[in-house]
Amino acid sequence: METALFDPAASGLDGDSVVAQLGALSGVQRVPNPKLTLLLRRDFLDAETCAGLVALIDANRRPSTISDSNGDAAFRTSETCDLNAAEPLVQQVEAAIAAATGLDPMFGEPLQGQRYAVGQEFKAHTDYFEPNGVDFQRYCSVAGNRTWTVMVYLNTPDAGGATRFKAVDKTVQPETGKLVAWNNRRADRSLNPATIHHGMKVRAGVKYVITKWFRERPWG
Ligand SMILES: O=C(O)CCC(=O)C(=O)O
Ligand SMILES: [Fe+2]
């Protein structure tokens, strides 16, 4: 496999290595479940950094998109911001994620922001691309499929907006600065359907997150 050419600790294919690195950071909790590797860290980003990212997202957002559309126009109703990698704040956050996880930015997609208004959601999905899906070649031919997802909530919505991992019955509540990271693979590196998750409807207020996805091979 081509993937053998790249350091699996740096791409996230070696999930144990990421767990060892991130788990060593103070305050990191691992959700105890054999089916899914999911870690949480409160206050990963401070409120000022989160507010700065929210301002960047508000200044430059577009309707979110999905791959392998199932015809449900309401499947993902949020807005997305492609954060500018030249922004010092974006660089600082990228560096913090890399330092915490050991994941090399070379394997990372550009950092994105997501914004959900009242009633908006991202229905249950997995972050990896379906190898048999119509969009697989388009999204995965260069960098391969996704390995880890690193997400940070930038605010605490007034109501709703939790992230629900239904296969393991775990719901993560959004809180300003809280990091949530999971391995989209099992220990044998196969894609893990137990990562299915739902960005639930915001009931009051607005919800902002950043998402960083890593790939098995270098990005772009
Ligand atoms: O907003 C959330 O809670 C989840 C977002 C998500 O799953 C994604 O962007 O892939
Ligand atoms: Fe997702």
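Since the model is a prediction, treat every value here as computed from it, not as a measurement. Start at 1 and go down the list; that is how both ligands and their atoms are numbered.
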Could you check whether Trp219 and Phe214 have their ring centres less than 6.0 Å apart?
no

Protein heavy atom at shortest distance from atom 3 (O) of ligand 1
Thr163 OG1, 2.5 Å

Going by the closest heavy atom to atom 2 (C) of ligand 1, which one wins out of Gln114, Lys207, His197?
Lys207

How does Phe165 reach ligand 1, if at all, at less than 4.0 Å between non-hydrogen atoms: by side chain, backbone, both, or neither?
neither

Quick one, Phe122 and Phe75 - any side-chain contact, counting heavy atoms below 4.5 Å?
yes

Any N or O on His198 sitting closer than 3.5 Å to an N or O of ligand 1?
no

So, 4.0 Å and heavy atoms of Met200: is ligand 1 close enough to count as a contact?
no

Using a strict threshold of under 4.0 Å (side-chain N to carboxylate O), is an ion pair present between Arg185 and Glu216?
yes

Inside 2.8 Å of the Fe ion (ligand 2) but strictly below it, how many protein N/O/S atoms are present?
3

Would a 4.5 Å heavy-atom cut-off, applied to side chains only, mark Val180 and Tyr153 as touching?
yes

Any N/O of Tyr116 closer than 3.5 Å to an N/O of ligand 1?
yes

For ligand 1, which is the ligand I care about here, please tell me if Thr211 has any N or O atom under 3.5 Å from one of the ligand's N or O atoms.
no

Short N or O distance, Asp127 and ligand 1, threshold 3.5 Å exclusive
yes

For the side chain of Lys166 and the backbone of His197, is there at least one donor-acceptor N/O pair under 3.5 Å apart?
no

Side-chain donor/acceptor of Thr147 to backbone N/O of Ser11, under 3.5 Å
yes

Any chance the rings of Phe129 and Phe136 have centres within less than 6.0 Å?
no

